[in-house]
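Each remark here refers to the structure printed beneath this line.
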Amino acid sequence: MIPAAFDYEAPGSVEEALQLLAGAGDREVKVLAGGQSLLPVLRLRMAAPDLIVDLGRVAELRGVRDDGDAIVIGAMTTHDDVTREPLIRQHALLLSLAAQTVADPQVRHRGTFGGSLAHADPAGDMPAPALALGAEFVIAGPSGRRTVAASDFFTDLFATAIEEGELLVEVRVPKYTGWGAHYEKFNTVAQAWSIVGVAAAVRTSGGTITDARVALTNMGLVPIRAVGVEAALVGQPATAEAIRAAAAHAAEGTAAMSDANADEDYRRHLATVLTGRAVLAAAGV
Ligand SMILES: Cc1cc2nc3c(=O)[nH]c(=O)nc-3n(C[C@H](O)[C@H](O)[C@H](O)COP(=O)(O)OP(=O)(O)OC[C@H]3O[C@@H](n4cnc5c(N)ncnc54)[C@H](O)[C@@H]3O)c2cc1C
């Protein structure tokens, strides 16, 4: 279908974009990033905004920079750039590996890191890695910028802490230099959307797991930290037996949906199996 008619603006800066959002009054506005989720929604007429504010010309929203103990990723950085960017590969390998599993090359070249997080699809592959790594989300609005922890950013199904008139501008990720990482997901052959996904990052020393960060995709309305698994891993030898025993905690505290792809019990089973695989790969076992 063809989307309903809308006005279109393509600002050149964050400031200009915020002014357009603030000036919209009662008109419904949608921000356009890579369009890989928004355009299908418009074409299906599930949304019919009066105004589209396209962030494609806002150069300050693209790219990655080193900020001491963290790296900062611009919201308009594409999935493809996330897979290749050396700073991300060195300090937040989990994000790079997860982005490699998103859709196909065409979608990865258009779709953005920030768009994926702002869209907050429970089956989206980037929210759980961002949660596992304790990312912080920088949101700009009419009264300045504020920072929201990943644990507070995803609030419900397709809902985040971004409010009307605000933009996600960048994501700050603490450095996990030297950590092993892996993103394991289960999907159908025809589509790369995760039925369940597991983001794991671990640090080992002398054959013992000293730190672990694990989060789950599509095991609830929002991404979920597998804190039971993390607690069970720390201090254990990096062996297949110990890792599989810890993975048995994966479904604790989850609230997976049942849908045409899988019912809740099957998703719980998948979470356990995939967590074992993800942590084994992250630990290099
Ligand atoms: C065929 C296909 C297969 C896909 N498969 C997968 C997959 O396997 N795994 C996966 O994770 N994803 C998948 N996707 C989705 C893809 O990752 C999208 O790129 C992502 O969901 C949205 O990013 P975008 O930049 O395209 O955002 P858009 O579609 O432009 O925007 C999405 C939403 O976020 C809002 N938004 C965007 N940027 C901002 C911002 N900076 N501030 C505030 N709000 C903002 C928009 O207003 C909109 O509501 C797939 C998409 C397609 C078309």
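When a ligand or atom number is given, it counts from 1 through the structure's own listing order. Worth knowing before you read on, the calculation uses all heavy atoms, side chains too, and leaves out hydrogens, waters and symmetry mates.
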Give the atom numbers and elements of ligand 1 that come within less than 4.0 Å of a heavy atom of [X].
X    : result
G124 : 11 (O)
G35  : 24 (P), 26 (O), 27 (O), 28 (P), 29 (O), 30 (O)
A192 : 8 (O)

Backbone or side chain, does any N or O of [X] fall under 3.5 Å from an N or O of ligand 1?
X    : value
G111 : no
A33  : yes
A75  : no
S194 : no
V31  : yes
Q36  : yes
T112 : yes

For [atom], what's the nearest protein heavy atom and its distance?
atom                    : value
atom 21 (O) of ligand 1 : S37 OG, 2.7 Å
atom 43 (C) of ligand 1 : L168 N, 3.7 Å
atom 36 (N) of ligand 1 : A118 CB, 3.7 Å
atom 17 (O) of ligand 1 : H79 NE2, 3.1 Å
atom 9 (N) of ligand 1  : D125 OD2, 2.8 Å
atom 13 (C) of ligand 1 : W193 CH2, 3.2 Å
atom 29 (O) of ligand 1 : L38 N, 2.6 Å
atom 7 (C) of ligand 1  : A103 N, 3.5 Å

If we only consider heavy atoms of [X], is any one of them less than 4.0 Å away from an atom in ligand 1?
X    : answer
K185 : yes
V107 : yes
Q191 : no

When rounded to the nearest 0.5 angstrom, what is the spacing between CG in L233 and OG1 in T208?
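One finds 12.0 Å between CG of L233 and OG1 of T208.
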
Return yes when atom [atom1] of [X] has more than 12 non-hydrogen atoms of other residues, nucleotides or ligands closer than 6.0 Å, and no otherwise.
X    : atom1 : value
R57  : CZ    : no
R244 : CZ    : no
M46  : CE    : no
L44  : CG    : yes

Is the F113 to H79 ring centre distance short of 6.0 Å?
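Ring centres of H79 and F113 not closer than 6.0 Å.
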
Part of L55 with heavy atoms under 4.0 Å of ligand 1, whether side chain, backbone, both or neither:
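Under 4.0 Å from ligand 1, L55 contributes side-chain atoms alone.
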
For the pair W179 and Y176, name the ring-plane relationship: parallel under 30°, tilted 30 to 60°, perpendicular over 60°.
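Perpendicular: the ring planes of W179 and Y176 meet at over 60°.
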
What is the minimum heavy-atom distance between [X] and [Y], and which atoms define it?
X    : Y    : result
T272 : A248 : CG2-CA, 3.8 Å
L131 : A215 : CD2-CB, 4.2 Å
A132 : R213 : O-NE, 2.6 Å

Under the side chain to side chain contact (heavy atoms under 4.5 Å, CB included) test, which residues partner T77, sequence neighbours left out?
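With sequence neighbours excluded, T77 shows a side chain to side chain contact (heavy atoms under 4.5 Å, CB included) to V64, I73, D81, V82, given in chain and number order.
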
Scan L51, I52, V53 and name whichever one has a side-chain contact (heavy atoms from CB on, under 4.5 Å) with P49.
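Of the listed residues L51, I52, V53, the side-chain contact (heavy atoms from CB on, under 4.5 Å) partner of P49 is I52.
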
If we check side-chain hydrogen bond (donor to acceptor under 3.5 Å, both in side chains) with K175, which of these qualifies: D67, D66, D69?
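When D67, D66, D69 are each tested with K175, the side-chain hydrogen bond (donor to acceptor under 3.5 Å, both in side chains) holds only for D66.
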
